[in-house]
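All ligand and atom numbering here is 1-based and tracks the order in the structure.
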Amino acid sequence: MTAPATPVRRVDALVVGAGLSGLYMLHRFRGLGLDTVVLEAGSDIGGTWFWNRYPGARCDVESMEYSYSFSPELEQDWDWTEKYPTQPEILRYIHHVADRFGLHDGVRLETRVASAHYRDAEGRWTVTTEAGDRYDTEQLVMATGCLSTSKLPEIPGVERFAGRTFHTAHWPHEEVDFTGRRVAVIGTGSSGIQAIPLIAEQAADLTVFQRTANFSMPANNAPLSEQAQAERKRGYREHREAARTSGFGIPVPEATRSALEVDPTERHAQYESVWGRNLVGMLTSYTDSIVDPAANETAAEFVREKIRGIVDDPETAETLCPRDHPFGTKRPCLDSGYYATFNRETVHLVDLKKTPLTEITEHGVRTSEAEYAVDDIVFATGFDAMTGSLAAIDIRGRAGRPLADKWADGPVTHLGLQVAGFPNLYMITGPGSPSVLSNMMVSIEQHVDFVADTVAHAHTRGDTVVESTEEAEQGWTDHVREVGDYTLYPQADSWYMGSNVPGKPRVFMAYIGGVGAYRAHCEQLAADGYPGFAFSAR
Ligand code: NAP
C-alpha cells in the first residue's frame, strides 16, 4: 500500500525565515488580509540572532538604530540597556515584537524548506519542506538572511578531532566554559574579533589563526542612560528619516572634501574625532575614502597606528595590521579589547598567510610549519554569504528553470528583490540590494514595505502575478556592477565578492549606491506605475 500523499496547504503567501525580515513581512502581509505562513528551520524565531550566540555576540549598529521603526508605539515602549545590544537582548526584543503583534501563530518552527517550484499554468508556487509537507502559495518571500549558511575551512580532518568543536554561527544554547582549556580560534572576522577577548579571559591558552588581518575599531560600548534614550525617543522620527536617506542607514554628516586636500594634522584630528564613535565614521569622513586608493590609505594607516599603539609586541602588531585590502572593503569590525588581548601571555597569533592551515588532526590544528595541540577549536570562519541560503533550496522558476542555473555566473536581480523568470518570488535584502552595506534594519523595513506595497498594488489592479522583466533585471545588475567598480570594494577578497567560498563566482554582490538613493529609486518606480515589472492575472 502506498502512503497517502501529504495534503497540500493552500495559502496566499509563504515566507521562508522568521528573523527580523520574515516577521515584519508576516505582519505586513497580514495587514493586507493575506493568509500567510512563515517556515523557519530553527527551533525558535530570531534568525541570525537565534543562531549566533557565541561569547561577545552583539550588534555593531547602535540598538536605537538597529530596531524597527514601523511602529512609533513600539519605539517608545521598548527600552534598550546598552549602546550596542547583545545577542540575548536583541532576541528578547524580537520576542517582544512577536508577542505584541501576535506573530507567533503564523510561524512554523523546525521546518526547513527543501524546494520551491513555480507552476506556470496556475501562476503559483509549490513549496516542499524537508519533512515532505507541501504548500501551495501565490506569493513566496525568501527572508532567509544574507549571512545564514555557515562554512568551515576547506581543510581535511575536522571530523577526526578528538576535542570539542564550535562554529560561531551554531553556538550551543548552554554556556560553554573554556576555563583551563587550550583553545584554537580560526577566523578573525567580526565574529572572531568579538569572541576572542572573552574566550581569552577563560582559556588557559588561546591560539588565534589569522588568514587576513582585519580593520577593527573600539566599540566603546556603554550602558544607555535614561536621558540619552529619552532624547533619542523624542527625536525618533527625524532620526529615522535621516537614517533612511543616508548612505549606510546610519545618519552621519555628509563628507564634502577629499582626504587628500586637507593637511595631515587636520585629517588626523578628523579620524581621531570619529574613531570609536560608530562603524561608518571613518569611511564617511571624506568623499573619496572608498574610491581613491591614496585617500583610503590615510584611513588605513591611521588604524594601523592605533594597532601599533595597543599591541606591545611589534611583530604581533605588524601581523595584526591589515595590508592586503583597502580599508572598509572587507567589513570593518567593532571590538571590545580585541587588539589588547594579544598582550596576554596566554594568547598567541599564527599568521596563516605565512604558514597556511593544512589539516585538523586528532589533537589540534596543523599548519605548514607546526601542529598546535588544543582541547577546543572554535571556527569563526563565516558564511556562504548573500546567495548561500538561496542556493540551499531547489528553487525553480518558469519552465522549471533552476535559480542555480540562472545564477551560474553570479546573481542577477532586479533591485535585489526579484529575478526575471521567477514570478512572485521576492528576496528580502537579496544580492544587488544595499543590504549588508547598510544598517540591516533600515534595508529590511524598506524591502518588506516595497514587497507588501507591490503585492497590494497588483491586487488592486486585479492581478496576481508580478514579475520583473529581463531588461529591468539586466539594467539593475549592470548598474550594481558599475557602481561597485567605481569603488575599491572589488579589490578585496571578501565575502561581498564571494571570494571566501571556493568556486563561487567573483562578483560584488551588494549595492553601494546608498540606501537613500536606493529608496528614492524604488519610490520613483512605484510612483511611475512600476516600470520594469510585468503585472498579469491568472
Ligand atoms: P567573516 O567575516 O567571513 O570572517 C571569517 C574569518 O574566517 C575570516 O578571518 C576568514 O579569513 C577566516 N577563514 C575563512 N575560511 C578560512 C580558512 N579556510 N582558513 C583560514 N581562515 C579562514 O565571518 P564572520 O566573522 O562570521 O562575519 C561575517 C559577517 O557577519 C560580518 O562581516 C558582519 O557583516 C556580520 N557580523 C556582524 C556582527 C556584528 O554586528 N557585530 C558580528 C558578527 C558577524 P579571510 O578573511 O582570509 O577569508
[atom]: nearest protein contact (heavy atom, Å):
| atom | result |
| --- | --- |
| atom 11 (O) of ligand 1 | Arg211 NE, 3.6 Å |
| atom 28 (C) of ligand 1 | Trp495 NE1, 3.8 Å |
| atom 23 (O) of ligand 1 | Gly382 CA, 3.2 Å |
| atom 46 (O) of ligand 1 | Lys330 NZ, 2.9 Å |
| atom 42 (C) of ligand 1 | Tyr54 OH, 3.2 Å |
| atom 4 (O) of ligand 1 | Gly189 CA, 3.5 Å |
| atom 20 (C) of ligand 1 | Leu352 CD1, 3.6 Å |
| atom 39 (C) of ligand 1 | Arg58 O, 3.3 Å |

>> Check this for me - ligand 1, Trp49, N or O atoms closer than 3.5 angstrom, yes or no?
In response: no
Selection from [options] by shortest heavy-atom distance to [atom]:
| atom | options | answer |
| --- | --- | --- |
| atom 9 (O) of ligand 1 | Thr188, Leu437, Ile193 | Thr188 |
| atom 7 (O) of ligand 1 | Pro153, Ser499, Ala380, Gly192 | Ala380 |
| atom 38 (C) of ligand 1 | Ala169, Pro502, Ser190 | Ser190 |
| atom 30 (O) of ligand 1 | Thr48, Asn52, Leu147 | Leu147 |
| atom 27 (O) of ligand 1 | Ser191, Cys333, Gly187 | Ser191 |
| atom 45 (P) of ligand 1 | Val208, Thr212, Leu357, Val61 | Thr212 |

> Within less than 4.0 angstrom of ligand 1, does Gln210 place any heavy atom?
Replying inline: no
> Using a heavy-atom cut-off of under 4.0 Å, does the side chain or the backbone of Val436 touch ligand 1, or both, or neither?
Replying inline: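 Under 4.0 Å from ligand 1, Val436 contributes no heavy atoms.
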> Under 4.0 Å between a Lys/Arg side-chain N and an Asp/Glu carboxylate O for Glu359 and Arg160?
Replying inline: yes
> Is Lys353 reaching over with its side chain to a backbone N or O of Thr212, donor-acceptor style, under 3.5 angstrom?
Replying inline: no
>> I'd like to know if the side chain of Thr329 and the backbone of Pro326 have a donor-acceptor N/O pair within less than 3.5 Å.
In response: yes
> Can you name the ring-ring contact (aromatic ring centres under 6.0 Å, His included) partners of His167, sequence neighbours left out?
Replying inline: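 Per chain and number, His167 pairs via ring-ring contact (aromatic ring centres under 6.0 Å, His included) with His170.
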> Does Arg481 make a cation-pi contact with Tyr511 (under 6.0 Å, within 45 degrees of the axis)?
Replying inline: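 Not flagged: Arg481 not positioned over aromatic ring of Tyr511.
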When rounded to the nearest 0.5 angstrom, what distance separates [atom1] in [X] from [atom2] in [Y]?
| X | Y | atom1 | atom2 | value |
| --- | --- | --- | --- | --- |
| Trp49 | Glu89 | CH2 | CD | 11.5 Å |
| Arg92 | Asp99 | CZ | CG | 13.0 Å |
| Gln229 | Thr81 | CD | OG1 | 8.5 Å |

>> Is the ring pair Tyr496/Phe508 parallel, tilted or perpendicular, if the boundaries are 30 and 60 degrees?
In response: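 Because their plane-to-plane angle is over 60°, the rings of Tyr496 and Phe508 count as perpendicular.
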>> Please verify the inter-ring angle class for His325 with Phe215; under 30° counts as parallel, over 60° as perpendicular, anything in between as tilted.
In response: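 His325 and Phe215: perpendicular rings.
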>> Applying ring-ring contact (aromatic ring centres under 6.0 Å, His included) as the test, list every pair that has at least one member in residues 358-390; sequence neighbours left out.
In response: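 Counting only pairs at least two positions apart or across chains, the ring-ring contact (aromatic ring centres under 6.0 Å, His included) contacts touching residues 358-390 are Phe209-Tyr372.
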Show the atoms of ligand 1 that are less than 4.0 angstrom away from any heavy atom in [X].
| X | result |
| --- | --- |
| Glu154 | 18 (N) |
| Cys59 | 40 (O), 41 (N) |
| Lys151 | 14 (C), 15 (N) |

> Name the one of Val448, Val15, Val451, Val419 that satisfies side chain to side chain contact (heavy atoms under 4.5 Å, CB included) with Tyr426?
Replying inline: Val451
